[in-house]
A.B. asks: 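My structure is below; once you've seen it, I'll send some questions.
Indexing begins at 1, ligand by ligand and atom by atom, following the structure's order.
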Amino acid sequence: MNCLKTDGRLFYIETARTCYVFSIEHGYAEHLYYGAKIPYSDCNALREKRSVILVNTLYPYEDPSYSFDCKGFEFSLPFRGDSRSASVNLVCDDKVFDFEYEGYEKNFRPEQSPMPLPRKYDYALNVRFNDRSHEGVRLETRYLISYDEDVIARYCVLINASGKDIKVLKFSSAQTDMSAENKKLITFHGAWGREMSKMSQDITCGRYTHGSFSGMSSAECNPLFFVSDANAGENSGEVYGFNLMYSASHEISTEKTPYGGLRILHGIQSENLLYTVPSGEKFTSPCSLSTFSDKGFNGASENFHRFVSKAVLRKKEIPVMLNTWEAVYFSMNEDKMKKLADNAAAAGFECLVIDDGWFSGRNDDTTSLGDWREDIKKFPGGMKALSSYFASKGLKTGIWIEPEMISRKSYLFRIQSEYALADDRLRPVVGRSQYILDLTNPAVAKYVEESVSRLVEEYGAEYVKWDFNRRFAEVKAEKGSGYFYDYISALYAILARLNEKYPQLIIENCASGGGRFDLGMAYYTSCGWASDNTNPLSRARIQRGVSYGYPLSFTLNHVAASPGHQTRRASDIKDRINTAFLGVFGVQADISVISEDEADEVRQAVSLYKVFRKELYDSTVYRLFEDGDGYVIMQTLSQDKKSGFLFLMREKFDTVTQLPVIRLKGLEKDKCYRIKGDSTDVCASGETLEKAGLVLPQNYQGAETSDGILNLTDGKTLLLRITQKECL
Ligand code: DGJ
């Protein structure tokens, strides 16, 4: 399929419900429109109508009506008349650049890239620009289009055949210029244990930058963001969504001009960027994804979910796992592991993940990273024998590793301290007593690869939990923050080689919870740990945040002990289980020390989850309530619209209140549905459930308790099953 329409001057990129239009004017790629689909035949009108003279702004010599500051462009350069923040800043021979349109390739096939590109797309466009004063240098803007999903992946490539070095000071993946009228910006910020917190703000005049500057995509600011109508909601309004297929520091910036324009830049961190591209080499930005929906945030999220499932994820069935971290922390040994395995197998789990603490010398978090050898004191029979024991119980073996790290107190540091990103001339800066390894050193990359291979080949791991628990300080000074780009390219290359070598291996992406929860890591791994915080009240909000850009099938979600180790908040086993159903279900607790009733609930949940997981992975997910109204209410619906789940978390209870009317989404209007679960059993048509909604039987008002009354107080949840049924 190739839906590009062009006359060589006007470019019209089409998806199922959107179009993206630019035109070549005076050698510039002028951006004309992105949004709900309009006919190709009208696009010339867009171009002509836009000529305005802005007093005191700059324009090309031959055309005073072409003010740079009121046009949109596909990319921009500094010191060339456009006074907004530029997307690309390059210097060669102490001269800046002035790229002009050269040509395009319609049936373009991108070459191998150090950055992940969508695995699938429907068609691609490459547009070339060159510079009269820098012979041999080319800038290319690329577009990979996923038609049905309404997602466009954009990225830039700098090709240097000039015989000279080019200094890169800024290199955004994508620029989106549009009208600033009535817009707001939605980003996802947070910290450890409270990742993916939705933040909505007005876009006001001036430049605003959010992002991560710590070398990783970060819990502080996820690369996912939206720009929407000021009054857009979950189910209505125009919404533009953006995400980056990248795992290092990144930047989201918006700029509202005095002329009513909005420039959105997205890409790698530009602060402190110093990068040299020698002649004969290329520099490729990561892919920036964009989508548009006029059906509110749910519409944009659905586009992203479908795109991520089709073009990013390595599709694998993730086993229902029990993870040892919060069950035993560092205090592990062979007997405890065998006992956990016995219990896990009896409860129906499919995998036991041996978390941190299994390798030589590791009794707390201050030592031994890098020494990835089994600890014979803890495991006298060895890891292989242990994994065989797990296998005899029908369990896969998972093993935790933090392969990019080295502890100051480790054998590896004693013999190979130059592997660490540390500078002896400076005062040491550590996080969790550890340094990051310099993956750009090929000897280090080999060491990392061999360490992970050992888990698979010698210790019998079929699942690897890949952790990353500190941020960057030192970099290679000559690259500045450009080092993060080289680092992450080296990491992607290692992961790609491991995936090729072990196609069945399941890799979990973790970074102190959700510190590197992004589509770059999602591309090379099979599931991700979004947060260490498993308390239902916190987790339901985190999962709601995650749902804006990432499908359920990628997001691990565990039941842990009560009170929760992160919040000290007590919670009911039912609420922990219900919340964990909003992702890839698992447990991290010692199920032999919980009450028989709780153990029973866990056993039932494991077997129920196995029945429904396929449906859940492929389901559409809707957020039914707006943010911040005291509830997290989410619904799933299978692709055939025959079944789903309704999840409700009441965050705060007030006396003498009524549960809200819940309007379901996506149901077939003329079919009958049954909503069943905790004291609820309702049947109605899809149309009624969407329009009039569902009123849950209420309930506890604060004055009495008795059986059969829905007792939804602070942090309590419901999980109801939705099924289509024959109408009577
Ligand atoms: C941080 C992770 O988020 C936890 O799940 C656990 O694996 C610890 N690291 C282990 O050190």
A.B. asks: Under a strict 4.0 Å criterion on non-hydrogen atoms, which protein residues are in contact with ligand 1?
C.D. replies: Trp325, Asp355, Asp356, Trp400, Arg432, Lys465, Asp467, Asn469, Cys510, Ser512, Gly513, Trp529, Asp532
A.B. asks: Kindly indicate whether a cation-pi arrangement holds for Arg544 with Phe647, taking the cut-offs as under 6.0 Å to the six-membered ring centre and within 45° of the axis.
C.D. replies: no
A.B. asks: Could you work out, with side-chain contact (heavy atoms from CB on, under 4.5 Å) as the rule, every residue matching Lys614, not counting sequence neighbours?
C.D. replies: Glu317
A.B. asks: Which pairs of donor and acceptor atoms, one on a side chain in residues 390-398, lie under 3.5 Å apart (sequence neighbours left out)?
C.D. replies:
{"residue": "Ser392", "atom": "OG", "partner": "Tyr389", "partner atom": "O", "Å": "2.5"}

A.B. asks: Do Arg471 and Phe213 meet the cation-pi criteria used here (NZ or CZ under 6.0 Å from the six-membered ring centre, within 45° of the axis)?
C.D. replies: no
A.B. asks: Quick one: side-chain contact (heavy atoms from CB on, under 4.5 Å) partners of Lys339, sequence neighbours excluded?
C.D. replies: Asn343, Ser592
A.B. asks: I'd like to know if the side chain of Ser309 and the backbone of Arg306 have a donor-acceptor N/O pair within less than 3.5 Å.
C.D. replies: no
